[in-house]
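This report refers to the structure that appears directly beneath it.
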Amino acid sequence: MKRLLGLLLLCAAGCVAAQGAKQVFNVPVVPNDPVAAGKELATRLLMLQPAECVTNRIALTNYLKNKVQSALPLRIEVSLTSSNWVTAYVQPRSASGDETHFMVVRAAGGTNEYVVESVINGVVTRVKFEGASAAVPIGGSEFTLADVGMEFLRWPTQRLLVKEVFHSQSCDKLESIAPADWTNGYVRVVSWFA
């Protein structure tokens, strides 16, 4: 769960940065109707779009008993079109240019499409996924395409638990509960959106 939380904070910070200044909460604020507030927040988050194309370098780090087990270097490329945007998590494989692109194709308010594209010895292979079938590990890590695509925001049960300060940042703490027929690993996600 810690791995997902760290990634979600990274994704959320990037997604919500375009919203502008947030209200600062000195004490936790519990909403009167957590379910309605949670659905409204999830809907708002799904509607967010990046303002510009950007490229960053990160490392997905897996920890085992507080020690680094592995670190997977990735390049994140966000590109915009007139109808959607693509976030590609690119895993370089060799100096010859071989790499794998783990892509989330998004349209505001619409469903995500997930694509894994590999370029090996100049040969391109492409596989598409949707929804729950996107529980595809990114480069052998514990993170999946569904994780980085924040598929959990589409689950039917969303609860805004509290507005609070988390790591010196005013945040909305959201609980997402998977549908009853969900079979892909975890069934509850608690995330903080700044």
List the atom of [X], the atom of [Y], and the distance in Å for their closest heavy-atom pair.
| X | Y | result |
| --- | --- | --- |
| Glu151 | Tyr114 | OE1-OH, 2.5 Å |
| Met103 | Ala88 | CG-CB, 3.7 Å |
| Ala194 | Gln169 | CB-CG, 3.5 Å |
| Ser79 | Cys53 | CA-SG, 3.8 Å |
| Ala37 | Pro31 | CB-CB, 4.0 Å |
| Gly122 | Asp98 | N-OD1, 4.4 Å |

Could you tell me whether the side chain of [Y] reaches within less than 4.5 Å of the side chain of [X], counting heavy atoms only?
| X | Y | value |
| --- | --- | --- |
| Val115 | His101 | no |
| Arg44 | Asp172 | yes |
| Leu45 | Phe193 | yes |
| Glu40 | Thr43 | no |
| Trp155 | Val189 | yes |
| Asp147 | Glu142 | no |
| Thr157 | Val35 | no |
| Leu153 | Leu174 | yes |

Would [X] and [Y] show up in the same hydrophobic cluster when neighbours are defined by side-chain heavy atoms closer than 4.5 Å?
| X | Y | answer |
| --- | --- | --- |
| Val86 | Val54 | no |
| Ile120 | Phe102 | no |
| Leu74 | Val116 | yes |
| Val90 | Val104 | no |
| Val105 | Ile76 | no |

Give, for atom [atom1] of [X] and atom [atom2] of [Y], the distance between the pair rounded to the nearest 0.5 Å.
| X | Y | atom1 | atom2 | value |
| --- | --- | --- | --- | --- |
| Gln49 | Leu80 | CD | CG | 8.5 Å |
| Leu160 | Lys173 | CG | NZ | 10.5 Å |
| Leu60 | Ser141 | CG | OG | 5.0 Å |

Is there a side-chain contact (heavy atoms from CB on, under 4.5 Å) between Gln91 and Ile138? Walk through the geometry before answering. CA-CA 9 Å; Gln91 178 187 19; Ile138 295 176; over 6 Å; no
Criterion side-chain contact (heavy atoms from CB on, under 4.5 Å) against Arg106, the qualifying member of Asn84, Leu48, Thr111, Thr87: Thr87
Say whether, by atom type as modelled, one donor and one acceptor occur between the side chain of Gln158 and the main chain of Phe152 under 3.5 angstrom. yes
Evaluate side-chain contact (heavy atoms from CB on, under 4.5 Å) for Trp192 paired with His167, printing each intermediate quantity in order. CA-CA 10 Å; Trp192 285 256; His167 290 281; over 6 Å; no
